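Just so we're on the same page: letters track the sequence lines, and every chain starts at 1. These numbers were taken from a predicted model, which means no experiment stands behind them.
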Amino acid sequence: MDAADLADLTDWFDRTARDLAWRKPGTTGWGVLVSEIMLQQTPVARVEPIWLEWMARWPLPSALAAASQGEVLRAWGKLGYPRRALRLHAAATAIATDHGDVVPADVDTLLGLPGIGAYTARAVAAFAYGQRCPVVDTNVRRVVARAVHGAGDAGPPSTTRDLADVAKLLPQDPATAAKVSAALMELGAVVCVARGPRCADCPVFDGCAWQHNGRPAYDGPAKAVQRFAGTDRQVRGLLLDVLRGSAEPASKARLDLVWSDAGQRDRCLDSLLVDGLVEQTANGEFALPGEH
DNA sequence: CATACGTGGCC
DNA sequence: TGGCCAAGTAT
């Protein structure tokens with residue numbers, strides 16, 4: 001991939017980029033941050049309606065900060081990984097209190113906020129503030145593995161190495177670099193996908209090292225597959241779903257209905273309490289936090 | 001560095 | 001059906 005390939009890539013992005021809600025002109029840093037947190041491990045189609053609700057309801061960090069944790073968890077709905085919602089609420093509180101209600105533009109400052117890691121900090125810096133910084137998510141890692149390294153897929157992640165790989169690709173001009181970052185992600189999301197890549201539609205087909213190598217299969221270590229059925233994650237999800245769906249606190253007996261294994265059930269309820277996703281009321285019932 | 005952490009769609 | 005995958009982070 002050379003400079004000409006990247007020019008083809010950004011031309012393609014200008015022509016075909018999906019019309020996602022958070023890409024509309026005028027989206028604030030707050031809007032970008034909320035979208036990035038919601039998109040962590042979560043498909044675009046599920047995020048878009050929730051993001052629109054949140055922007056209408058909480059257009060500023062201070063507005064979200066003023067809501068209770070329970071309200072926020074209810075509005076998060078079934079996006080998954082609800083600790084993200086709690087961390088976003090905490091981040092909003094810090095932004096409102098310490099940063100004048102404006103999402104910081106500095107990567108290191110962003111990294112200090114809860115729920116914001118190596119990917120999200122740079123995504124906000126690039127997409128909200130037009131900075132030149134490498135944005136590395138699973139899509140970009142796959143695109144680089146193929147187009148640059150000629151492999152079938154990315155190996156195990158290494159933040160340092162992955163950031164350096166992408167930094168080498170970015171042009172000097174910040175606005176152009178930010179567009180390249182967005183285009184690399186878009187390419188991985190819609191063309192250079194994990195299964196069944198649509199190489200015939202690829203704007204960097206000619207410069208792709210994977211093509212030049214004869215499209216070898218991925219030969220790295222097997223990726224760890226996250227099991228779900230029967231895990232604590234499933235049980236925690238079932239418990240939380242009861243509380244999200246109830247305006248009133250739920251009794252222990254009510255929660256006991258969601259899972260037959262009492263040991264696992266109690267362990268999960270306890271872990272939810274520890275995580276601050278559930279609170280116990282004065283009379284021993286259970287509820288979302290901050291509502292009773 | 002490996003693992004826990006939700007949820008749902010697709011083949 | 002069940003594995004695989006989806007804009008990761010914290011520990």
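- On the C1' atoms, C:dA6 is 12 Å away from B:dG6, given to the nearest whole Å.
- In this structure, A:Arg141 reaches neither bases nor backbone, as no heavy-atom distance under 4.0 Å exists between it and the strands shown.
- Taking the nucleotide of DNA chain C with the nearest heavy atom to each of A:Arg23 and A:Gly115, the more 5' of the two is matched to A:Arg23.
- We find that CG of A:Leu86 is positioned 11 Å from P of B:dG6, with the value rounded to whole Å.
- A:Pro82 comes within 4.0 angstrom of the backbone, heavy atoms only, and of no base.
- In this structure, A:Trp76 reaches neither bases nor backbone, as no heavy-atom distance under 4.0 Å exists between it and the strands shown.
- A salt bridge between A:Arg236 and A:Asp275 is present, with a side-chain N of the basic residue lying under 4.0 Å from a carboxylate O of the acidic one.
- Using a cut-off of 4.0 Å between Lys/Arg side-chain N and Asp/Glu carboxylate O, A:Glu36 and A:Arg122 are scored as not salt-bridged.
- Look at A:Arg57 and A:Glu71 and you find a salt bridge, because one of the NZ, NE, NH1 or NH2 atoms lies within 4.0 Å of a carboxylate O, short of that distance.
- Atom pair A:Glu48:CD and C:dA6:C1' shows a separation of 15 Å (rounding to whole Å applied).
- Residue-level contact check: A:Ala194 touches the backbone only, with heavy atoms under 4.0 Å from sugar-phosphate atoms and none from bases.
- Salt bridge present: A:Lys252 and A:Asp256 bring a charged side-chain N and a carboxylate O closer than 4.0 Å.
- Taking the C1' atom of each, B:dG8 and C:dT1 are spaced 16 Å apart, rounded to whole Å.
- In this structure, A:Glu285 does not pair ionically with A:Arg254, as no charged nitrogen and carboxylate oxygen lie closer than 4.0 Å.
- The base of C:dA7 lies outside donor-acceptor range of the side chain of A:Arg46, with no N or O pair under 3.5 Å.
- Salt bridge A:Asp270/A:Arg267: absent, no basic N to carboxylate O contact under 4.0 Å.
- Atoms CG (A:Leu239) and P (B:dG6) sit 11 Å apart, rounded to a whole Å.
- A donor N or O paired with an acceptor N or O is not found under 3.5 Å between the base of C:dG8 and the side-chain atoms of A:Thr42.
- Residue A:Arg195 is the one, among A:Gly188 and A:Arg195, whose nearest nucleotide of DNA chain C lies closer to the 5' end (criterion: closest heavy atom).
- The pair A:Asp162-A:Arg141 counts as a salt bridge, with a side-chain nitrogen and a carboxylate oxygen less than 4.0 angstrom apart.
- In this structure, A:Gln41 reaches the C:dG8 phosphate: one of its side-chain N or O atoms is under 4.0 Å from OP1 or OP2.
- No contact: A:Pro156 has no heavy atom under 4.0 Å from any strand.
- Among residue pairs with one or both ends in residues 29-67 of chain A, those qualifying as ring pair (Phe, Tyr, Trp, His ring centres under 6.0 Å) are A:Trp22-A:Trp51, A:Trp54-A:Trp58, A:Trp54-A:Trp76; sequence neighbours excluded.
- One interatomic measurement links the two molecules: NZ of A:Lys78 to P of B:dC5, which rounds to 18 Å at whole-angstrom precision.
- The same atom, C1', is picked in C:dA7 and in B:dC11; the two are 23 Å apart, to the nearest Å.
- Using a 5.5 Å limit on the distance between ring centres and a 30° limit on the angle between planes, the aromatic ring of A:Tyr81 counts as stacked on the six-membered base ring of B:dG6.
- No hydrogens or angles considered: a donor-acceptor pair under 3.5 Å links the side chains of A:Thr42 and A:Arg84.
- In the set B:dG6, C:dC5, C:dG8, the nucleotide with an atom closest to the side chain of A:Thr120 is C:dG8.
- Proximity of residues 221-236 of chain A to DNA chain B (heavy atom under 4.0 angstrom from any strand atom) is restricted to A:Gln226, A:Phe228, A:Asp232, A:Arg233, A:Arg236.
- When heavy atoms are screened at a 4.0 angstrom cut-off, A:Ile116 is found touching the sugar-phosphate backbone but no base atom.
- Nucleic acid contact for A:Gly80: base, since at least one base atom lies under 4.0 Å from a heavy atom of the residue.
- Residue contacts for A:Thr138: at a heavy-atom cut-off of 4.0 Å it reaches the sugar-phosphate backbone alone, with no base atom in range.
- Regarding contacts with the backbone of B:dT7, a side-chain N or O of A:Arg244 is found under 4.0 angstrom from either OP1 or OP2.
- Nucleic acid contact class of A:Leu111 (heavy atoms, under 4.0 Å, all strands): none.
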